[in-house]
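Here's the structure, in structure tokens; my notes come after.
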Amino acid sequence: MIQKSFDSIAKEDIEALIENGVLESKTLEYKQELPGGSDRERKEFLADVSSFGNASGGDILYGVKAAVDENGKKTGAPERAAPITGKTADEVKLDLEKRLEHGLAPRLPVQIKEIMGWDNDTRGFIILIRVHRSFASPHMMIYKGASRFYSRNSAGKYRLDVQELRSAFLATDSQGERIRRFQQDRLSRIVADETPVPLSSPHRLVLHMIPLGSFLNRERLDLSNRDGLSTSFKPIGSYGGNRRYNVDGLLTCSGERDGIAGQHGYCQLFSDGSIESVYSNVLLRGEAGGRRNIPSAEYEAYLMRGISSYLEGYRQLDLAPPMMISLALLGCKGAIMSVRGFVWPEEQHPIDRDTVLLPDVVIDSLDVDVPKEMKPIFDAVWNACGYPCSQNYDENGEWTR
């Protein structure tokens with residue numbers, strides 16, 4: 001895999017691979033031509049991509065000719081650029097995306113980009129497909145009744161046997177269990193007030209973001225740039241705050257408010273890149289002793305602003321997707337959703353439990369449309385308050401508030 005963030009890879013990086021003779025490997029493959037339209041070529045393309053996702057991830061470069069020996073066998077070294085012409089980059093990307101959408105189960109998100117400027121008229125391009133290691137593996141190639149599982153080693157792709165398939169499915173289960181244990185442990189600590197700072201209220205909104213690659217590989221990131229990172233990793237609903245290191249990583253907290261004991265939020269950035277952001281000011285007290293309520297538009301806006309900032313922080317840390325986002329409401333039993341306009345009392349349905357766990361979402365890019373990605377979670381919060389979906393989205397799924 002090219003050791004740069006996907007967005008920053010440019011022509012000079014490909015030229016460096018060729019000039020330095022960087023060999024194909026478990027995470028890098030060169031192909032001179034795009035996959036054709038025959039059944040064999042379509043199956044080969046799907047097998048190539050799925051093999052990367054089922055192994056360690058990697059990059060496929062279309063438009064780079066690999067050298068061959070005297071017997072016509074690939075040596076693994078790049079010989080020269082062979083730019084793609086005759087089609088537009090958008091046509092090529094759309095075709096490849098459609099093949100992947102219908103040819104792999106479960107679906108495997110990938111990143112595809114063109115690298116321009118290779119011909120004298122600048123119309124030639126190379127296609128880069130980046131496949132991240134999947135944590136929903138194994139992915140199966142499916143095409144015209146054929147179904148196969150592939151993985152990769154240093155010699156290239158190979159078909160998984162029965163024992164390897166069994167191990168792959170068991171590994172997926174154990175990975176999911178690690179994530180669930182982390183979430184459950186953190187939530188139980190927050191309920192028990194075992195938080196890095198005392199909080200001002202028992203009514204808490206808890207956001208977890210988990211970069212699956214670094215989390216499951218138990219990586220330890222360099223968090224030494226405290227000033228730069230704390231700008232991105234701020235508590236939900238906060239524009240500033242205090243920051244310090246602790247045994248878990250880097251902590252930022254909102255600071256105490258006048259007349260209120262404790263702090264209304266913190267953001268814990270763990271050493272593996274996971275985030276725990278807690279907001280204890282999620283409920284407002286109703287007028288004249290009325291029920292506590294969730295400010296429907298404000299809490300969604302706070303979350304979206306926070307998540308966008310955290311994704312920018314992940315870019316600083318050069319963390320690659322996928323990322324899992326989860327949300328929970330703690331201590332919110334009896335609260336109602338605050339909505340604009342008059343609402344009949346019988347239409348108000350208070351939350352019926354003290355702990356509300358919302359559905360997870362997984363994002364496969366740092367450039368996602370955050371409001372659209374968060375809609376399933378926001379819908380579930382409104383469901384808990386008796387509504388069919390978030391009232392802050394229009395019929396096209398656009399956040400309008």
Side-chain angles (χ1 to χ4, degrees), residues 1-6 8-9 13-35 41 43-69 73-79 81 96 99-100 103-104 106-113 115 126-141 148-172 174-175 211-220 318-322 364:
M1 182 178 287
I2 302 171
Q3 297 304 307
K4 290 188 70 173
S5 64
F6 180 79
S8 63
I9 295 174
D13 299 303
I14 311 303
E15 291 174 331
L17 293 176
I18 298 171
E19 181 179 348
N20 297 322
V22 177
L23 298 177
E24 292 180 317
S25 65
K26 184 179 180 181
T27 61
L28 180 64
E29 187 162 351
Y30 306 117
K31 292 183 179 293
Q32 181 173 349
E33 297 179 351
L34 292 168
E41 291 171 306
K43 291 178 183 178
E44 182 77 7
F45 169 67
L46 295 171
D48 285 334
V49 174
S50 63
S51 72
F52 279 100
N54 290 337
S56 305
D59 292 331
I60 308 175
L61 285 166
Y62 288 97
V64 177
K65 185 181 185 303
V68 296
D69 61 20
K73 185 177 179 180
K74 289 176 65 176
T75 65
E79 181 178 299
L96 297 179
R99 296 190 191 198
L100 293 172
L104 296 178
R107 290 182 61 180
L108 175 60
V110 304
Q111 294 173 286
I112 306 176
K113 70 181 291 185
I115 301 171
I126 284 174
I127 287 289
L128 166 63
I129 299 181
R130 172 156 289 182
V131 187
H132 296 285
R133 177 189 176 190
S134 174
F135 300 100
S137 63
H139 296 268
M140 179 173 61
M141 180 274 291
R148 301 284 187 273
F149 292 91
Y150 293 89
S151 188
R152 292 183 68 82
N153 56 28
S154 57
K157 69 176 178 293
Y158 65 93
R159 186 175 170 186
L160 291 173
D161 61 25
V162 173
Q163 183 59 43
E164 289 169 322
L165 266 177
R166 183 179 295 113
S167 298
F169 280 111
L170 288 175
T172 300
S174 65
Q175 290 165 355
L212 295 176
S214 59
F215 175 83
L216 294 173
N217 291 325
R218 294 183 170 89
E219 295 180 19
R220 190 172 182 86
D318 201 24
L319 276 175
D364 54 22

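Annotation: side chain of D161 is in contact with side chain of E164 (closest heavy-atom distance under 4.5 Å). At least one side-chain heavy atom of L128 sits less than 4.5 Å from a side-chain heavy atom of D59. When side chains are defined from C-beta on, D48 counts as touching K31, because their heavy atoms get closer than 4.5 Å. Here the side chains of F52 and V110 are not in contact, with every heavy-atom distance at 4.5 Å or above. Contact check for I115 versus D13: no side-chain heavy atoms found under the 4.5 Å cut-off. Within the 4.5 Å cutoff, the side chain of E24 has heavy atoms near those of the K74 side chain. Looking only at side-chain heavy atoms (C-beta outward), R99 and P35 come within less than 4.5 Å of each other.
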**Request:** Give the C-alpha distance, both sets of side-chain angles, the deciding distance and a yes or no for side chain to side chain contact (heavy atoms under 4.5 Å, CB included) between T75 and L23.
**Result:** CA-CA 8 Å; T75 65; L23 298 177; 5.6 Å; no
**Message:** Run L100 and L108 through side chain to side chain contact (heavy atoms under 4.5 Å, CB included) and show every step you take.
**Reply:** CA-CA 8 Å; L100 293 172; L108 175 60; over 6 Å; no
**Request:** Show your reasoning for whether side chain to side chain contact (heavy atoms under 4.5 Å, CB included) applies to R130 and I9.
**Result:** CA-CA 11 Å; R130 172 156 289 182; I9 295 174; 3.5 Å; yes
**Request:** Run the numbers on Y30 and I18 for side chain to side chain contact (heavy atoms under 4.5 Å, CB included), then give the verdict.
**Result:** CA-CA 10 Å; Y30 306 117; I18 298 171; over 6 Å; no
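Separating the CD atom in Q111 from the CD1 atom in I129 is a distance of 11.5 Å, to the nearest 0.5 Å.
A donor-acceptor pair under 3.5 Å is formed between the side chain of T27 and the backbone N or O of M1. Between the side chain of N20 and the main chain of V22, no donor-acceptor pair closer than 3.5 Å is present.
Closest approach of R152 to K157, counting heavy atoms only: NH1-N, 3.8 Å. The shortest non-hydrogen separation linking P106 to P138 is CD-O, 3.8 Å. When all heavy atoms of K113 and F6 are compared, the closest pair comes out as NZ-O, 3.2 Å.
Each of S51, S134, S50 was checked for a side-chain hydrogen bond (donor to acceptor under 3.5 Å, both in side chains) with H139, and the lone residue meeting it is S134.
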